[in-house]
Amino acid sequence: MIEHRGGSPTKSATAPRSVVALVDATSGVERELVGAWLSDGGIAKEIGTDAPITQLDLDAGAIAGRLVGRRDDPLVVPIRVLWLPPERDGVRRMTFADLALLTNPRKPHRLAQRRLVRKSPDRHVILTGQPALLSELRANNPEAAALHAAGTSEPFARSILRAAVVALERAERSVIGDRYKVPRLVAEEILDSPDFLRRLELIADRIGAEPQEVYRRAEKALNELVAAQSRLVSDLFTQAMRPVHASTWKVDTDESGLAALRALNRRHPLIFLPSHRSYVDAFVLGDVLARNDFPPNHVIGGANLRFWPLGPIARRTGTVFIRRSFGDDEVYKAAVEEYFAYLVAKRFNLEWYFEGGRTRTGKLRPPRFGLLNYLAAAVRADRVDDVLLVPVSITYERLNELGAIATEQSGGTKKPEGLAWMARYIRSQQHSAGRVYVRFGAPLSARERLAANGDPLIPPRVSIPLHHTDSVAEPIADTDPETAQRERMAVQRLAFEIAVGINAVTPITVNALATLALLGVDERALTLREVRALLAPVLGYIEKRGLPSGELDALRDDPSLAVVLEQLSLAKVVTVYRGGLEPVYSIESGAHLEAAFYRNSAVHWFVNRAILELSILAAVDSGAPDQLSIGWDEAFRLRDLLKFEFFFPDRTEFTAQITAEVLLVDPDWNARSRKDTLGTDILGKLTASGFTMAHRVLRSFFDAQLVVAERLAARDPGVAIDRKEFLDECVSVGRQMMLQQRLHSPESVSTELFGSALKLADNRGLLTPVAGTSAKDRAELTARRTEFADYLRGIGARIAQAAALDPSNIPGLGTR
């Protein structure tokens with residue numbers, strides 16, 4: 001049985017001599033309806049044959065006893081009665097009113113069925129799935145057919161049952177829409193797979209366990225993993241959760257992007273990979289896709305959200321809960337990988353948050369590679385021809401959960417998820433928070449990108465034309481180390497491309513720019529006129545670059561800007577003093593981390609500008625004759641220092657990007673005869689541009705790196721670093737340095753930033769203990785740690801220079 005999307009199956013090229021009707025009926029009423037339809041010539045009208053019909057229940061036992069052993073070649077036709085909800089506002093859907101009446105319009109009970117047949121005959125449809133000859137079913141399932149020939153009929157009967165159910169589900173979707181695409185009999189099909197059974201046997205041999213015990217563990221894992229989707233629960237859950245975000249945000253969606261994705265989805269499965277800023281991300285994206293008639297995504301989530309009642313409900317809407325850590329459980333790992341490959345092979349759309357958790361800083365976190373490894377394995381094994389990866393940006397103007405995020409960044413303990421937590425969370429969302437922007441990046445062909453990125457086991461194929469554009473696998477036992485490394489690198493490059501795709505469509509919001517302005521004036525309060533004047537050149541810069549943005553016109557006039565700042569005041573991010581001649585605005589005391597979260601949602605758009613400023617200052621301050629060379633060297637050093645915070649391209653593209661930034665500052669740059677000297681005129685042009693970015697964009701990251709560098713320099717080089725204890729120490733010392741005004745903002749005192757700085761130090765070889773080595777080696781490590789801290793202090797001094805050049809900090813210029 002093959003896919004059938006129209007109302008009727010296609011006619012057979014050769015008229016069959018007999019027909020077997022596999023009837024999926026749950027009541028006598030449904031049997032009567034199907035029987036009457038058959039007697040009235042329904043098969044003849046649908047398929048164009050008057051061959052004799054045998055009617056069988058859609059049951060594995062009946063199929064095994066009366067179908068699989070037939071010597072003729074009947075045409076097998078699955079049949080079902082499809083019940084439809086009443087039409088409401090032009091759409092057939094279920095509501096909570098149905099639930100209150102203890103009815104399910106899609107599955108009415110027997111008495112309700114009889115009433116519907118009499119009073120609402122339009123509420124049922126006799127549905128036929130795409131038919132297939134028995135010989136075709138044998139050819140499609142050769143291993144099961146071989147077992148039947150050997151005397152075991154059950155596997156072949158189950159394969160026919162599954163094929164019939166799939167054909168009926170596809171026929172249903174042609175009537176009720178793709179958003180109701182749900183899988184059936186998944187665990188059973190996986191457990192019947194000969195390849196998976198062979199893998200379980202190998203695991204049993206390797207771990208020294210009985211095969212039957214390994215099979216039971218795999219069955220338990222699959223029953224835990226498989227999303228048991230329900231159309232009733234999906235309809236009601238969507239209606240229940242929509243008010244949680246619909247009353248809080250106005251959803252702003254790229255409709256043209258959705259139309260292009262829907263066209264691609266007809267040919268390829270899609271994997272949506274969104275940025276993760278809030279627990280409500282999945283509800284916002286799910287609602288957007290449902291309103292545009294996409295099939296429901298299988299959302300891969302952490303088992304920490306599997307608590308009652310959210311867990312059981314979410315599982316029946318397509319959420320797949322995976323344990324945070326597998327440990328050495330090879331059986332569970334095999335079940336996850338097989339289920340993942342099954343979903344991809346069956347062309348179900350998937351969704352997961354590849355950062356591994358919500359961002360605590362507002363910008364993208366480094367990606368996790370686990371599920372991308374499974375995807376690469378499925379492509380290498382040709383389990384799927386191709387999958388399109390869709391970067392998705394979900395950006396909120398304001399978030400009501402930022403207080404808890406800021407507490408975690410400051411060293412606080414994350415509260416465990418549970419029923420009480422969920423009630424508090426829903427209550428916290430009952431305040432208007434502006435817009436949420438949902439943007440879709442250019443989709444990436446998984447096969448094409450893995451091959452281009454050097455995966456040795458994926459040969460490139462003909463490229464898929466992707467018209468939607470606005471613009472590592474774990475090695476198997478016998479994989480050699482070099483091949484395994486190339487596989488891992490290919491997956492990591494793919495993750496990088498996804499992150500770049502998300503950033504490329506992330507819009508700059510009004511709150512991102514408002515906090516960018518207020519965080520860069522060293523605790524000083526600004527009048528409304530000063531804020532507007534400070535933002536004016538930045539808005540011009542955004543226009544010149546053509547960057548994606550939200551409703552930024554609200555920042556151009558005083559009344560609209562006042563509304564933006566008042567909304568931030570209501571969110572307790574900005575404080576307003578009204579006791580003087582006019583209101584003045586500043587960041588609320590203790591709210592710097594929340595303000596930085598908003599700023600950081602757009603900070604990636606300004607990083608190259610900030611690097612340019614610091615590179616120019618380093619070159620000019622050097623006084624050397626080869627200032628151009630010094631400037632470029634400094635730009636590459638800064639890029640290397642920030643590689644665990646931002647996603648930079650290769651050196652060639654990075655060079656082109658920095659050159660483009662120079663031309664924005666000095667359009668005549670290429671025509672100048674510089675003779676390897678920048679000259680102080682470039683500093684004047686930076687000032688004339690109306691703003692500098694280094695202190696607004698990079699200071700918190702380098703301040704956090706300085707805390708880590710100084711704590712490392714003070715450590716015994718022979719003692720290993722305990723990560724948690726070290727980060728706790730950085731938080732405590734960072735607070736002291738804030739009180740001493742050695743750090744410029746509380747946003748630098750962040751476990752997230754300290755964690756990235758620790759990765760950077762490890763990457764530079766500053767963590768490895770040298771216990772047992774010579775005193776000279778230990779002294780050398782301490783010296784390198786000290787040198788690193790000294791270099792960061794030098795960067796801090798240049799950031800202070802950049803801040804002094806900013807018109808907002810120059811008396812008589814700009815906003816003062």
Side-chain angles (χ1 to χ4, degrees), residues 363-367 391 393 441-442 444 449 452-454 471 489-506 508 541-542 544-548 600 602-620 622 626-667 669-670 672 674 676 678 682 685-686 689 691-702 705 756-757 759-760 763-764 791-792 794-795 798-799 802:
K363 66 179 184 60
L364 280 184
R365 303 175 86 182
S393 170
L444 305 170
R449 298 316 308 152
N453 289 334
S471 48
M489 290 301 298
V491 169
Q492 290 170 16
R493 292 189 186 105
L494 177 59
F496 174 89
E497 292 180 274
I498 294 164
V500 170
I502 293 173
N503 276 339
V505 293
T506 298
I508 302 170
Y541 170 85
I542 292 170
K544 285 181 181 178
R545 289 190 57 190
L547 303 181
N600 287 346
V603 75
H604 60 281
W605 291 118
F606 308 111
V607 169
N608 284 348
R609 165 66 184 236
I611 288 176
L612 171 66
E613 294 166 5
L614 296 181
S615 301
I616 289 174
L617 287 169
V620 172
S622 72
D626 57 341
Q627 290 180 4
L628 275 179
S629 175
I630 290 174
W632 278 114
D633 288 345
E634 184 67 6
F636 289 124
R637 278 195 293 268
L638 293 171
R639 169 178 173 267
D640 190 60
L641 286 173
L642 295 167
K643 65 186 177 184
F644 289 99
E645 297 289 357
F646 302 101
F647 297 92
F648 292 105
D650 61 30
R651 287 174 68 95
T652 301
E653 186 177 346
F654 177 72
T655 300
Q657 290 177 355
I658 295 297
T659 301
E661 291 288 345
V662 175
L663 292 173
L664 288 174
V665 174
D666 183 1
W669 175 259
N670 288 330
R672 292 180 182 274
R674 295 181 298 278
D676 293 332
L678 296 175
I682 192 68
K685 290 184 179 295
L686 279 176
S689 70
F691 69 96
T692 56
M693 277 291 174
H695 62 300
R696 303 180 188 282
V697 171
L698 298 182
R699 176 174 266 165
S700 60
F701 301 103
F702 285 127
Q705 289 180 7
S756 295
K759 289 179 183 177
L760 173 66
N763 182 257
R764 298 172 76 92
Y791 178 58
L792 290 171
I795 292 176
R798 283 197 296 280
I799 289 176

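Since this is a predicted model, take the numbers as computed values, not measurements.
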Student: Judged by atom type as modelled, is there a donor-acceptor pair below 3.5 Å linking the side chain of S756 to the main-chain atoms of E645?
Tutor: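 The answer is no, because no donor-acceptor pair under 3.5 Å joins these two groups.
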
Student: Quick one: do E613 and R696 make a salt bridge, cutoff under 4.0 Å?
Tutor: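 Between R696 and E613 there is no salt bridge, as every charged N stays at least 4.0 Å from the carboxylate O atoms.
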
Student: Of the non-hydrogen atoms in P391 and G501, which two are nearest, and what is the gap between them?
Tutor: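 Scanning both residues, the minimum pair turns out to be CB-C, 3.7 Å.
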
Student: Please collect all salt bridge (Lys or Arg N to Asp or Glu O under 4.0 Å) contacts where either partner lies in residues 652-661, sequence neighbours excluded, each pair once.
Tutor: R545-E661

Student: Just so I know, are the side chains of F646 and K363 near enough to count as touching, which here means a heavy-atom distance under 4.5 Å?
Tutor: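 Yes. Closest side-chain heavy atoms under 4.5 Å.
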
Student: Quick check: do R651 and R639 have side-chain heavy atoms less than 4.5 Å from each other?
Tutor: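 When only atoms from C-beta onward are counted, R639 and R651 do touch, with a gap below 4.5 Å.
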
Student: Main chain of L686, side chain of S689: is a donor-acceptor contact present, judged purely on distance under 3.5 Å?
Tutor: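 A pair under 3.5 Å: yes.
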
Student: Might you point out which heavy atoms bring A802 and A694 nearest each other, and give the distance in Å?
Tutor: CB-CB, 3.8 Å

Student: Can you check whether L638 reaches F702 side chain to side chain, under 4.5 Å on heavy atoms?
Tutor: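 Counting from C-beta outward, L638 and F702 do come under 4.5 Å.
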
Student: If the condition is salt bridge (Lys or Arg N to Asp or Glu O under 4.0 Å), which residues does K643 pass it with, not counting sequence neighbours?
Tutor: D640

Student: For A490 versus G454, what's the shortest heavy-atom pair and its separation?
Tutor: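 Smallest heavy-atom distance, with atoms named: CB-C, 4.3 Å.
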
Student: Kindly indicate, with the supporting measurements, whether the criterion side chain to side chain contact (heavy atoms under 4.5 Å, CB included) is fulfilled by I508 and F606.
Tutor: CA-CA 11 Å; I508 302 170; F606 308 111; 4.1 Å; yes

Student: Measuring only between side-chain heavy atoms, which start at C-beta, is F647 closer than 4.5 Å to P367?
Tutor: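 A side-chain contact under 4.5 Å exists here.
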
Student: Using the test side-chain hydrogen bond (donor to acceptor under 3.5 Å, both in side chains), find all partners of R365 that sit at least two apart in sequence or belong to another chain.
Tutor: E752

Student: List the steps, then state whether salt bridge (Lys or Arg N to Asp or Glu O under 4.0 Å) holds for R798 with E634.
Tutor: CA-CA 12 Å; R798 283 197 296 280; E634 184 67 6; 2.5 Å; yes

Student: Please enumerate all residues that pass side-chain hydrogen bond (donor to acceptor under 3.5 Å, both in side chains) together with Q705, with sequence neighbours excluded.
Tutor: none

Student: May I ask you to test the I795-L641 pair for a side-chain heavy-atom distance under 4.5 Å?
Tutor: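 Yes - at least one pair of side-chain heavy atoms lies under 4.5 Å apart.
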
Student: In Å and rounded to the nearest 0.5 Å, what is the CZ to CD1 distance from R449 to I498?
Tutor: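 With rounding to 0.5 Å, CZ (R449) is 11.0 Å from CD1 (I498).
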
Student: Quick check for you: to the nearest 0.5 Å, what is the distance between H695 atom NE2 and I799 atom CD1?
Tutor: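 Result: 10.0 Å between the selected atoms.
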
Student: Hey, are the side chains of I542 and W605 touching, using non-hydrogen atoms and a 4.5 Å cut-off?
Tutor: no

Student: Any cation-pi pair here, R609 with F691, using under 6.0 Å and within 45°?
Tutor: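 Judged by the rule, R609 and F691 form a cation-pi pair.
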
Student: List for me each residue that meets side-chain hydrogen bond (donor to acceptor under 3.5 Å, both in side chains) alongside S393, sequence neighbours excluded, and say none if there are none.
Tutor: T395, T506

Student: Decide whether Q492 and N453 meet the rule of one side-chain donor and one side-chain acceptor closer than 3.5 Å.
Tutor: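 Judged by distance alone, the side chains do not pair up.
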
Student: Find out whether W669 and L664 are in side-chain contact, i.e. whether some heavy atom of one side chain is under 4.5 Å from a heavy atom of the other.
Tutor: no

Student: Quick one: are F654 and I611 in side-chain contact, heavy atoms under 4.5 Å?
Tutor: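 Yes, close enough: below the 4.5 Å cut-off.
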
Student: Looking at residues at least two apart in the chain, or sitting in another chain, which of them share a side-chain hydrogen bond (donor to acceptor under 3.5 Å, both in side chains) with N608?
Tutor: Q657

Student: At their closest point, which heavy atom of A504 faces which heavy atom of P548, and how far apart are they?
Tutor: O-CG, 3.8 Å

